[in-house]
Q: 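The structure that follows is given in the form of structure tokens.
Proteins come first, then strands; the chains are lettered A, B, ... in the order of their sequence lines, and each starts at number 1.
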2 protein chains.
Amino acid sequence: MNSIEITPRCPIRTTLELVGGKWKLLILFQLTNGPLRLSILRKSIPDISEKILIQELKTLVESDLVDRKNFGEVPPRVEYALTEKGRSALPLIEEMRKFAASYTA
Amino acid sequence: MNSIEITPRCPIRTTLELVGGKWKLLILFQLTNGPLRLSILRKSIPDISEKILIQELKTLVESDLVDRKNFGEVPPRVEYALTEKGRSALPLIEEMRKFAASYTA
DNA sequence: ATTCATACTTACAAAAAGGTTAGTACCATA
DNA sequence: TATGGTACTAACCTTTTTGTAAGTATGAAT
């Protein structure tokens with residue numbers, strides 16, 4: 001039953017590497033309802049700085065959790081969207097909501 | 001549907017404060033099957049240092065996710081166990097397992 | 001020529017997290 | 001008197017993460 005062994009590559013650690021940290025899940029969550037431009041994303045997460053947002057998006061793209069679409073226009077227009085893999089992180093967020101709710105209760 | 005608003009106290013952030021970071025979920029998970037002593041816990045998470053382990057356990061106890069039972073013996077004997085609230089974090093780990101599995105696939 | 005909008009970069013600084021090493025306390029037993 | 005076993009602490013340091021402030025590029029519109 002206790003079938004996760006704590007190793008350098010266990011599921012918990014894999015997940016933490018992909019979506020751990022202060023911002024990644026917040027960003028993924030904002031993309032739930034469809035693609036968003038950087039400027040919108042920034043407004044929806046009020047206290048993130050532009051630099052950090054871009055930086056986090058970059059690693060999410062590298063992890064194939066987020067897709068970046070550059071429209072090649074001027075002024076620049078770029079949209080970020082969840083990939084399939086990104087979508088598979090959403091149940092995690094739902095569990096966090098449940099956990100936080102039961103904890104607070 | 002997109003009903004989590006990103007605020008200083010949204011469920012995602014609450015959860016991250018409680019169980020975020022490199023070690024807390026690993027520790028909680030090790031306690032799934034019952035109370036463990038510090039020395040055992042340490043062996044089951046090979047690369048954690050004693051200081052960090054104690055430090056993390058302390059904050060988990062303060063958050064009421066883990067219960068600390070001191071038997072008052074010499075040499076010291078102390079057992080750590082999940083509380084009810086601690087148990088409610090286990091589904092989170094289960095989701096992480098699923099996420100990691102689908103990601104790796 | 002100047003300004004505007006947007007995505008992104010760079011250099012730097014501060015803060016948080018994580019880590020190492022060497023201790024302490026206690027009583028039992030040798 | 002010395003040693004051993006266990007949980008825990010303290011001083012110090014390194015690495016990682018996060019933040020701030022300023023600047024770049026582009027072409028259209030004024």
Side-chain angles (χ1 to χ4, degrees), chain A residues 6-8 10 12-28 30-31 34-63 65-81, chain B residues 6-8 10 12-28 30-31 34-63 65-81:
Chain A
I6 305 300
T7 66
C10 73
I12 299 180
R13 283 182 161 157
T14 297
T15 303
L16 291 177
E17 275 174 28
L18 289 166
V19 299
K22 191 172 173 181
W23 300 112
K24 294 204 183 68
L25 283 171
L26 294 174
I27 293 170
L28 293 178
Q30 286 312 115
L31 298 174
L36 290 180
R37 300 181 65 172
L38 185 72
S39 47
I40 307 297
L41 217 31
R42 213 195 156 186
K43 280 173 203 153
S44 68
I45 309 177
D47 51 355
I48 197 171
S49 76
E50 203 176 348
K51 185 199 123 182
I52 296 290
L53 177 55
I54 291 169
Q55 173 183 300
E56 297 286 282
L57 282 168
K58 203 169 173 183
T59 84
L60 287 169
V61 168
E62 280 162 9
S63 308
L65 293 169
V66 165
D67 181 61
R68 177 181 183 277
K69 180 169 183 186
N70 186 347
F71 288 80
E73 299 174 4
V74 168
R77 182 172 161 218
V78 174
E79 281 187 353
Y80 293 93
Chain B
I6 304 300
T7 66
C10 72
I12 300 179
R13 284 182 161 158
T14 297
T15 303
L16 290 177
E17 276 173 27
L18 289 166
V19 299
K22 192 172 173 182
W23 300 113
K24 294 204 183 67
L25 284 171
L26 294 174
I27 294 170
L28 292 178
Q30 287 310 116
L31 297 175
L36 290 180
R37 299 181 66 171
L38 184 73
S39 46
I40 307 298
L41 219 30
R42 213 196 156 184
K43 279 173 205 154
S44 69
I45 309 177
D47 52 355
I48 198 171
S49 76
E50 203 176 348
K51 184 199 123 181
I52 297 290
L53 177 54
I54 290 169
Q55 172 183 300
E56 297 286 281
L57 281 168
K58 202 169 172 183
T59 85
L60 288 170
V61 168
E62 280 161 9
S63 308
L65 293 169
V66 165
D67 181 61
R68 177 183 183 277
K69 181 169 181 184
N70 186 348
F71 288 81
E73 299 173 4
V74 169
R77 182 172 162 221
V78 174
E79 279 187 357
Y80 293 93

Q: With a non-hydrogen cut-off below 4.0 angstrom, is B:L38 in contact with a base, only sugar-phosphate, or nothing?
A: sugar-phosphate
Q: Have a look at B:F71 and say if it touches a base, only the backbone sugar-phosphate, or nothing, with a 4.0 Å heavy-atom cut-off.
A: nothing
Q: For A:I48 and D:dT20, give me the distance from atom CD1 to atom P, rounded to whole Å.
A: 12 Å
Q: How long is the line joining CG of A:L53 and P of C:dT9, in whole Å?
A: 12 Å
Q: For B:K22 and D:dT16, what is the distance between atoms NZ and P respectively, to the nearest whole Å?
A: 9 Å
Q: Which part of the nucleic acid, if any, lies within contact of A:E73, taking any heavy atom under 4.0 Å across all strands shown: a base, the sugar-phosphate backbone alone, or nothing?
A: nothing
Q: Taking atom C1' of C:dT6 as reference, at what distance in whole Å does atom CG of A:L41 sit?
A: 14 Å
Q: At 4.0 Å (heavy atoms only), tell me whether B:S39 reaches a base, stays on the sugar-phosphate, or touches nothing.
A: sugar-phosphate
Q: Starting at atom CD of B:E50, determine the distance to atom C1' of C:dG23, rounded to an integer number of angstrom.
A: 12 Å
Q: Quick one: A:L16 CG to C:dG18 P, roughly how many Å, whole number?
A: 10 Å
Q: So which nucleotide from C:dT6, C:dT9, C:dC26 ends up closest to the side chain of A:P76?
A: C:dT6
Q: When you compare the side chain of A:L41 with that of A:L57, does any pair of heavy atoms fall below 4.5 Å?
A: yes
Q: Can you tell me if the side-chain N/O atoms of B:R37 get under 4.0 Å from OP1 or OP2 in D:dA7?
A: yes
Q: What is the distance, rounded to the nearest whole Å, between atom CD1 of A:I40 and atom C1' of C:dT6?
A: 11 Å
Q: Which residue, A:P75 or A:I52, contacts DNA chain D at a nucleotide closer to its 5' end, judged by nearest heavy atom?
A: A:I52
Q: Applying a 4.0 Å non-hydrogen cut-off, can you work out what B:Q55 is touching in the nucleic acid: base, sugar-phosphate, or nothing?
A: nothing
Q: Hey, which of these two, A:K51 or B:S49, hits DNA chain C nearer its 5' end, going by closest nucleotide?
A: A:K51
Q: Can you tell me how far apart CZ (B:R42) and CD (B:Q30) are? Round to the nearest 0.5 Å.
A: 14.5 Å
Q: For B:E73, what residues pass the side chain to side chain donor-acceptor pair (under 3.5 Å) criterion, not counting sequence neighbours?
A: B:R77
Q: Using a strict threshold of under 4.0 Å (side-chain N to carboxylate O), is an ion pair present between B:E79 and B:K69?
A: no
Q: Where the side chain of A:V74 is concerned, which of D:dT26, D:dA7, C:dG19 is the nearest nucleotide?
A: D:dT26
Q: Measure CD1/A:I27 against C1'/D:dT18 and give the value in whole Å, please.
A: 13 Å
Q: Do B:W23 and A:L16 come within less than 4.5 Å of each other through their side chains, counting heavy atoms only?
A: no
